[in-house]
Each structure stands twice: as structure tokens, then as C-alpha cells.
There are 2 protein chains.
Amino acid sequence: MSSKVTIYEVALAARVSLATVSRVLNNPEKVKADTKDRVLRVIKELGYRPNAIARGLASRKTTTVGVLVSDITRASVAEMLAGIADIAMKYSYSVKLFSAHDDVNVIDLLKEIVAEQVDGVLLLNDELDLAHMKQIKDTLEENEIPLVLANVVYNDKNVPSVSIDYDKAGYEITKLMIEAGRKDIYLVSTVRKYSVNEQKELGYSRAMQESNLEPRIFRTSGTTSVNRQHFASYFSDKKVDGAIGVRDSIAVSFMNIMSEAGKKIPQDILVSGFQNTKYGILSRPTLTSIDVPVYDIGAVAMRLLTKLMNKEAVDQIKIILPHYIVRRDSM
Amino acid sequence: MSSKVTIYEVALAARVSLATVSRVLNNPEKVKADTKDRVLRVIKELGYRPNAIARGLASRKTTTVGVLVSDITRASVAEMLAGIADIAMKYSYSVKLFSAHDDVNVIDLLKEIVAEQVDGVLLLNDELDLAHMKQIKDTLEENEIPLVLANVVYNDKNVPSVSIDYDKAGYEITKLMIEAGRKDIYLVSTVRKYSVNEQKELGYSRAMQESNLEPRIFRTSGTTSVNRQHFASYFSDKKVDGAIGVRDSIAVSFMNIMSEAGKKIPQDILVSGFQNTKYGILSRPTLTSIDVPVYDIGAVAMRLLTKLMNKEAVDQIKIILPHYIVRRDSM
DNA sequence: CTGAAAGCGCTTACAG
DNA sequence: CTGAAAGCGCTTACAG
């Protein structure tokens, strides 16, 4: 029964007009105290809840944000979503999920997002090339829908984003290995281009070059079983005394293969991951990793978006969250 | 510009009425071929996309489903969401995420879901007690919103659900350990009550009792660091030669502690997990696990929901997907 | 402080 | 096969 109650019936029961009921809900300060109380009481009695769709149409605000995601199953993405969902709920926003796979046209998907009348968009998709990014940005701008990038690095001063400094993180971890006397340090990255991984690569390369060491980036697919083959064959004839995985799972996979090949970790090879996930705690040896506060990135990005949607002033459009290195047994 | 185009402008440009434009979109068979073509051309030229909110209000169908989740970060949940999102997109449904934490009132959240006018609800939350489940079911029924449970076990013949037979799975894996000669087999479960874990416990207990062995269920929190303490102290003075973790991460955690205590796996203790996640591939020894097709559970549940929303006939309201045991080094 | 009325952008009987 | 009109359930100037 509760959902059948409309604003009209509330008005009737409270002996006021629809306008007043609406005001009680949206601009309570404009309503006299006792009428407000009366209306509120009736609302409670009838279990009235305004129809969000009708409200959305009339006010041209849906209090819904669209979240554009590619692979939900990645630990970092799921964690970010948790942060987003929590803050969204806190500010009474709904979140609509849009998944952008390889086979879906991002621009078409974006048109759909626009058609869905979301008030803002969060982009968690860091596999997009620059042309796509620009199209997304432009389309949303045209439609006056604010956009915030979460854990995506995009080089445009005007696009709000929340992330850590991956370049710096890559630099620091590499530096630590160099200071520990290691020279043949590999960055184990992905074949697929992720904006954040490119930053890690930059920082890594810079640190290596500063010490006159040759940067060596090995790229593997994300798939654990495939990594296995890659690692085993590629590294069989290489000198390696340090390795940084762009993801914990990659780092653990690498450790396992090396251990099986008779290498001792950390004695022979220092290993570090990125993200500080459960993988690094459950692995043996346990994995040193860069802690990336993904939940916070999601939460802060969502909070920033609420401000943009409300046209509040924001002093910082590019937010860099702190990271730190969690030392464990692998390094 | 594209979003500013309304149905009215399309009608104008195509020299037809709004009604006809609407029909072209919703009941094309009722429109003469050449007017249809003309309208379609104009729609394309103007880049028209119907406003989903207006459409939702007028038709009382939002083509949106609500997904009620507690902990998104659990691997099984994220994977299910992937399946849900893919099928939702295939059938042109949007998915709205609602996260039900400990501190949010599920019933209030449900009222909000109803107010959001979703056409159907998917429940991924298997921590709910029976009273809550009944309330959810009743509220949705009242509002004629179909509900499908995904990976949740709820004993009501009238509530559609998709899952595997966890009872059977628990039975089978226990049986295998018993057949391997093990007698002191523990089920390592969670403190928190999950409906699926209760089923695993039932199957485990039955298998033990059938062999006149005493079922022993140890409950740990889900947190890896806490598990460590639990396991170390609890199992220090116990005889154990087999252990089944209700989640892979728990099983791996258990393996690690036992290994460190000098036990050999699988020689001294057979270990199995549940879910067949990456944890079991990256662990050493690698973990035997029950493969639960979580992606498929999500996909099938979403598909079932589309049928219910369309009032299509469904022959099976309770769908049990097959599972199988993936043997690896731990057993 | 409150109400009457227009309007948000669609869909859907109802006529023709 | 097509159009005029009512209506979905709200919000929001505009008067008073």
C-alpha cells in the first residue's frame, strides 16, 4: 500500500495544497511551523515517500550519479565502489552502474548515461585512450554534467580527479630497491594500457635512470595462468634481483614462479606489489606493497562530485591522496 | 546539444505528432514504413534520445533494477555484479546499487528502493535473518516488484532464487576427505551468519555424522589478521587432519598458519576452500576448492528477473546451478 | 505563509 | 495508420 500514496492524498489528508506538501519536503523553512508539523504527521501516518522519478522530471535533478566502470571484479574497483556507495548514501544520492567492456562503444554508453539524466558521472575506467577521454569530457560538458575521475590519471587541468601520485610511488619503491643495492630491477606491468600503470612506469624509469640503471619493463596479461607461462619463459635466462608488480596479484604470481625456480625471496630478489590487498597478506613470503587508499579515493571522489553537482565552490579540483609503503617479508 | 532535443522537436522536424514519434520507438509495428523511416532518420540526425525519467514517469516502468548488496568488496559479490551488469545491459536495464551496511536499516533502505521506482530487485545479501527476509519479500510483493535472490538461500518456495546446492557441495567435499581416511575434519566458518554458509555447515555435518564422526565447526571473523590469532591459538592443541574453509581466503589463511606451525599440507592436513578464486591459485600449496559459478549466478538471476518483470512464464523459480570440485595441491 | 496553475518530457487509450 | 488530449506525480514561479 505504501507506494500507492501520492502527494495528492497527503495534501488531502493534511488539508493543504500539493504545493505545501512539496514545500515541507523541499523548503521546510518556507512553511509555518504547525502546518509543517501537521503535514509531517500525515506523511508518516500514510507512509508517504515521494516518487523519485516524478520528482526527477519536475526538478530536473535525479539525485543519481552514474559510475562508469570496466572491470568490476578488480579488487581496487570493488573497493572504490564501496567508498562511492557509502558517501552517495550519506548525501542521498543513488548510484547507477554502467559497465564499459571492450565490446561496448563508450560513446554510445555515454549517450545512454546522459539519457538517464544522471546529475553527475564518476569515471573509474583507466583503460581509455586520450581520444575517448576527450569525447567523454566534451559530451558531459555539453550536457552540463559534472565529471570526476577516480583513480584515473588524465592530463587535463580542468578535469576533476582523485588519485594518489603513482609516479612518485613508483619512484620511491624503485629508489628503495636501488638503495638496497639492487641493479637488475624489473617493473612487471600489464600489456593493456592503464593510465595509472603508465605513471608507475614513469616513476620507475626515472629512478632507474637517475642511478644509471637501465629500466626494464616486462608486460604480462592480467591473467594468472598466462602470467605463469610468461614469467617462467621470459625470466629463465635473465638476471633479476628486484621486481615491482603493478598489482599485488601480479607480484605474488611472480614470487611464486621465482620461488619454484629456486630463487630465494627476498635474498635473491626483492619483490613489491601495488595496492596492499589481501593477496599480499596471504602470500608466502608476505608481500611488501604500496598502500593505495582505494576506498578513500572512491569516497573523496564522490564527495567532490556532490560539491560540483551543487555548484559549491571547490578549492582543489585535482586531489592527490597520500600513499605509503607497507613493508613485509618480500623486501 | 544532443540532450536538449526533445520528442517534440523530433515530431516537428519529421512533420508528425509526438504520438507517432513515441510509437516509432515503442511500437514500431504500428507505424507505416515510410513515416517510420522518416522519423528514424530525424532521430538520428538530431541525435535524439528519449529522456529516461520522463519515459519512466509516463509508462510507470523505469527499466531499472535495484541491487541490494552488503559488502561489495567480497570477491563473490563483485563477480556476481559483473554477471548482473552484463545481462542487464543486454536487456537494456540499468542497475542501481543499494548498499546495506550493518548500520543502515534494511527496511528503510527498501522503502527508498520502492520510492526509486525500480522494476525489480536483486538481493545479494545473505546475512539477513528470516524476519528481515520476510519483511523485504512482503514489502516488494505489496508494491508488485519482483524479487530474485542471487546466491542467497531462503527457505520459501515462492521466492525466486539462483544458487548452487551448497548443502550438497559441503557434503561432497567432506565425503572426499573422509574417503581419504581423515577423521578430524574441521569446518572453518564465519562468526557472522551467512545463509550459504549455513548450508555448507549442514552438508558437512551430515557427511560427518554418516561416518560417525563428530562435526566440528570453528568460527572466525572474516578479517585476515584476526583469523591469524584465532587459528594459532585455537588449533594449537587440537588434532586436525582436514579442514574446509567456507571461503578461499579463510582456507589459505588457515593453511599458512598450519604450515608455519610445522604441519605439512596435504600430508598432515587436507585443506579445501570454497569459491575457486585467485586466492587459491596464488597460494602455496595451491588450494583445492569448490568452484561456484558466481558470475553465472548473477547473470542467470538477472535474466530470471527480466522474465518476471515482463510477466513471462517461467518454469523454474528456484534455479540450482552446477558446481564442481577443482583439485589442486592442498588435497 | 499558502494555493492555483503551468510544466517537466514522455506514453497511451481514444477517436477517426 | 495517425493525431489530440489526458495523464504520470511531482516542483516552482507567480499571485495573493
Side-chain angles (χ1 to χ4, degrees), chain A residues 2-40 42-43 46-64 92 112 114-119 143-144, chain B residues 2-40 42-43 46-64 92 112 114-119 143-144:
Chain A
S2 63
S3 84
K4 310 293 178 188
V5 182
T6 75
I7 195 171
Y8 182 76
E9 301 170 66
V10 175
L12 208 67
R15 287 170 295 116
V16 293
S17 71
L18 326 185
T20 300
V21 178
S22 178
R23 277 191 210 99
V24 169
L25 259 20
N26 301 307
N27 302 93
E29 72 283 1
K30 292 186 178 173
V31 183
K32 201 167 47 161
D34 40 318
T35 33
K36 183 168 57 184
D37 292 348
R38 184 151 36 96
V39 172
L40 249 20
V42 173
I43 286 178
L46 299 181
Y48 170 66
R49 281 253 181 176
N51 177 321
I53 300 299
R55 179 180 258 190
L57 183 58
S59 68
R60 256 148 301 176
K61 291 194 148 300
T62 55
T63 55
T64 298
S92 300
E112 195 196 311
V114 173
E116 297 273 354
Q117 311 294 120
V118 298
D119 294 343
N143 291 283
E144 297 174 76
Chain B
S2 63
S3 84
K4 310 292 180 186
V5 181
T6 74
I7 196 171
Y8 181 75
E9 302 170 66
V10 174
L12 209 67
R15 288 170 295 116
V16 293
S17 71
L18 324 186
T20 300
V21 178
S22 178
R23 276 189 210 102
V24 168
L25 259 20
N26 301 308
N27 302 94
E29 72 283 0
K30 290 186 179 172
V31 183
K32 202 168 48 164
D34 41 318
T35 32
K36 182 168 59 186
D37 292 346
R38 183 151 37 97
V39 171
L40 250 19
V42 172
I43 286 178
L46 299 180
Y48 170 68
R49 282 253 180 175
N51 178 320
I53 301 300
R55 179 181 259 188
L57 183 58
S59 67
R60 256 149 300 177
K61 291 195 148 297
T62 55
T63 55
T64 298
S92 300
E112 195 196 312
V114 172
E116 298 273 354
Q117 310 295 118
V118 297
D119 294 342
N143 291 281
E144 297 174 78

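Letters go in sequence order (proteins before strands), and every chain restarts at 1. Worth saying up front: this structure is predicted, and the values here are computed from it rather than measured.
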request  = Please determine, for D:dA13, whether a Watson-Crick or G-U wobble partner exists with both distances under 3.5 Å, and give it or none.
outcome  = none
inquiry  = Need the pair for C:dA4. Rule: Watson-Crick or G-U wobble, both distances under 3.5 Å, any strand; none if unpaired.
reply    = none
Rounded distance in Å - [atom1] ([X]) to [atom2] ([N]):
| X | N | atom1 | atom2 | value |
| --- | --- | --- | --- | --- |
| A:Asn27 | D:dC14 | CG | P | 15 Å |
| B:Glu29 | D:dC1 | CD | C1' | 12 Å |
| B:Glu9 | C:dG9 | CD | P | 9 Å |
| A:Ile53 | D:dC8 | CD1 | C1' | 11 Å |
| B:Arg49 | C:dG9 | CZ | P | 17 Å |
| B:Leu18 | C:dT11 | CG | C1' | 10 Å |
| A:Ile7 | D:dC10 | CD1 | C1' | 6 Å |
| A:Lys61 | C:dC8 | NZ | C1' | 14 Å |

request  = Look at the side chain of B:Arg23 against the base of D:dG3 and say whether a donor-acceptor pair falls under 3.5 Å; ignore hydrogens and angles.
outcome  = yes
ask   = Between the side chain of A:Asn27 and the main-chain N/O of A:Lys30, is any donor-acceptor distance below 3.5 Å?
value = no
query = Choosing from C:dC1, C:dG3, D:dC10, which nucleotide comes nearest the side chain of A:Ala19?
reply = C:dG3
Does OP1 or OP2 of [N] have a side-chain N or O of [X] closer than 4.0 Å?
| X | N | answer |
| --- | --- | --- |
| A:Tyr8 | C:dG3 | no |
| A:Ser59 | D:dT11 | no |
| B:Ser22 | C:dT12 | no |
| A:Thr20 | C:dG3 | yes |
| A:Thr35 | C:dT2 | yes |
| B:Arg55 | C:dT11 | yes |
| A:Asn26 | D:dT11 | yes |

inquiry  = Pick the closest DNA chain D nucleotide for B:Arg15 and for A:Leu57 by heavy atoms, then say which residue is nearer the 5' end.
reply    = B:Arg15
request  = For the pair B:Thr63 and B:Ser92, evaluate side chain to side chain contact (heavy atoms under 4.5 Å, CB included) and give the outcome as yes or no after the intermediate values.
outcome  = CA-CA 7 Å; B:Thr63 55; B:Ser92 300; over 6 Å; no
message = Quick one, B:Val5 with B:Val10, criterion side chain to side chain contact (heavy atoms under 4.5 Å, CB included). Give me CA distance, side-chain angles, the key distance, then yes/no.
response = CA-CA 7 Å; B:Val5 181; B:Val10 174; 4.0 Å; yes
task = Could you tell me whether the side chain of B:Val21 reaches within less than 4.5 Å of the side chain of B:Val42, counting heavy atoms only?
result = no
task = Name the nucleic acid region contacted by A:Lys30, choosing base, sugar-phosphate or nothing; use a 4.0 angstrom heavy-atom cut-off, strictly under.
result = base
query = When rounded to the nearest 0.5 angstrom, what distance separates OG1 in B:Thr35 from CZ in B:Arg15?
reply = 11.0 Å
query = Roughly how far, to the nearest 0.5 Å, is CD of A:Gln117 from CZ of A:Arg60?
reply = 10.0 Å
